[in-house]
J.: 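Sharing a structure below in structure tokens format, with a few things to ask.
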There are 2 protein chains.
Amino acid sequence: MPEKTNIGPLNDLMTYHLRRAQVTSFNNFTDAMAETQVTPGQFGVLTLIASNEGMSQSAVARSLGVERSTMVAVIDGLENRGLVLRKPSPTDRRSNALVLSDEGKEVYARGLELAKKSDRVTTSALNDEEAVQLVTLLRKMNSAAGV
Amino acid sequence: MPEKTNIGPLNDLMTYHLRRAQVTSFNNFTDAMAETQVTPGQFGVLTLIASNEGMSQSAVARSLGVERSTMVAVIDGLENRGLVLRKPSPTDRRSNALVLSDEGKEVYARGLELAKKSDRVTTSALNDEEAVQLVTLLRKMNSAAGV
DNA sequence: TATTGTTATACTCTATAACTATA
DNA sequence: TATAGTTATAGAGTATAACAATA
């Protein structure tokens, strides 16, 4: 057990607690998803494609708040694993229509279960009402930030 | 304004909202701290040293949840800027007693103001009661995770 | 035996800038 | 002119493994 240090004013800073909570939730997520070998970032992409079949790489990138150049390697990884297919867009020859393969759909479905389980670990110190409060407040914050 | 995409089940995942909120708060922090050129990670270190004069690098690392090897470059940076001093520990010849220089104290004091201001930007969509609720819930989560 | 600080090394995630092919 | 995908490149931030000095 690590000794307790006085963290001083950090204890009153939202930024600090957000960062620590995010690191914890990221680690829980990675542990829970071990069997699928899907990272948090990849899971976001799978979810978006599952919910919006045929969307473009640029649209995925915008929706997740990253650059489209960053998305290339992510899609490459998912494509190489056979989870995502780049199909030609029927309406725009510049863009790829992203879809999940059958295996991609299976991995995504299983991943969603595991992601929910990891959420329960992350919030295990909170009762149901508190967990709902927390996600509601975060959602409100993020919506206002255009996220 | 980016087009609205259906984010599907991501909208119910704590992990997702934590990550987005953390990225937003990180960006707000970096913007607010521009005049000091202090990063979030550096600010955490400055705060810890200010609140626990003479603490060791390993203790700082443990308290922030990173490896002590990671801390070396962080302290190097702060030392090179003249904000932090590595003094010999009076009780353990292996370890450095970290203290803030006079300039370090000034930069930290100014940084704390700016960090609080950035917190207010980050939570600007929430009223005072909601902001307190949010930080309280995060603190509870983190305490339970040993953070 | 265990811990402190350090180095060497590598990995992940991300961004910027420039290119091409389309729109 | 602007956008989609791509490449090359670089910068944070982090970890692991090993080492000498000290506890």
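Chain letters run A, B, ... following the sequence lines, proteins first and then strands; every chain starts at 1. Because only heavy atoms are used, hydrogens play no part in the values below, and waters and symmetry mates are left out as well, while side chains stay in.
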J.: Distances under 3.5 Å between protein N/O atoms and the N/O atoms of nucleotides 12-19 of chain C, please, pair by pair.
T.:
from, atom 1, to, atom 2, distance (Å)
C:dA15, OP2, A:Glu67, N, 3.0
C:dA15, OP2, A:Thr70, OG1, 3.2
C:dT16, O4, A:Ser69, OG, 2.9

J.: Would you please name every residue forming a side-chain contact (heavy atoms from CB on, under 4.5 Å) with B:Thr39, sequence neighbours left out?
T.: B:Gln42
J.: Under the side-chain contact (heavy atoms from CB on, under 4.5 Å) test, which residues partner B:Ala145, sequence neighbours left out?
T.: A:Thr24, B:Val147
J.: If a pair satisfies salt bridge (charged side-chain N to carboxylate O under 4.0 Å, His left out) and one of its residues is in residues 128-147 of chain A, list it, with sequence neighbours excluded.
T.: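 Listed once each, the pairs are A:Glu130-B:Lys140, A:Arg139-B:Asp12, A:Lys140-B:Glu130.
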J.: Between C:dT4 atom P and B:Ile75 atom CD1, what is the distance in whole Å?
T.: 14 Å
J.: Please enumerate all residues that pass side-chain contact (heavy atoms from CB on, under 4.5 Å) together with A:Val99, with sequence neighbours excluded.
T.: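 Once residues adjacent in sequence are excluded, the partners of A:Val99 under the side-chain contact (heavy atoms from CB on, under 4.5 Å) criterion are A:Glu53, A:Leu85, A:Lys87.
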J.: Could you list the residues that satisfy side chain to side chain donor-acceptor pair (under 3.5 Å) with B:Glu113, not counting sequence neighbours?
T.: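 By the side chain to side chain donor-acceptor pair (under 3.5 Å) rule, B:Glu113 matches B:Arg110.
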J.: If you measure only the distance, is there a donor-acceptor pair under 3.5 Å linking the side chains of B:Arg86 and B:Gln57?
T.: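 Looking only at side-chain atoms, B:Gln57 and B:Arg86 do form a donor-acceptor pair, the distance falling under 3.5 Å.
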J.: Got a sec, which pairs hit ring pair (Phe, Tyr, Trp, His ring centres under 6.0 Å) with one end in residues 29-51 of chain A, sequence neighbours left out?
T.: A:Phe29-A:Phe43, A:Phe43-A:Tyr108
J.: Just to be sure I understand the geometry, which residues of residues 77-90 of chain B put a non-hydrogen atom under 4.0 Å away from DNA chain C?
T.: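 Here the set is B:Arg86.
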J.: Using a 4.0 Å cut-off to any heavy atom of chain B, which nucleotides of DNA chain D are the first and last in contact, reading 5' to 3'?
T.: D:dA15 to D:dA23
J.: Kindly say if B:Gln57 contacts the phosphate of C:dT3, meaning a side-chain N or O under 4.0 Å from OP1 or OP2.
T.: no
J.: Applying ring pair (Phe, Tyr, Trp, His ring centres under 6.0 Å) as the test, list every pair that has at least one member in residues 110-147 of chain B; sequence neighbours left out.
T.: none
J.: Test: ring pair (Phe, Tyr, Trp, His ring centres under 6.0 Å). Region: residues 111-143 of chain A. Which pairs qualify, not counting sequence neighbours?
T.: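 Sorted result for residues 111-143 of chain A: empty, none.
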J.: Rest of the hydrophobic cluster containing A:Val121 (Ile/Leu/Val/Met/Phe/Trp/Tyr, side-chain heavy atoms under 4.5 Å)?
T.: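 Joined to A:Val121, directly or through intermediates: none.
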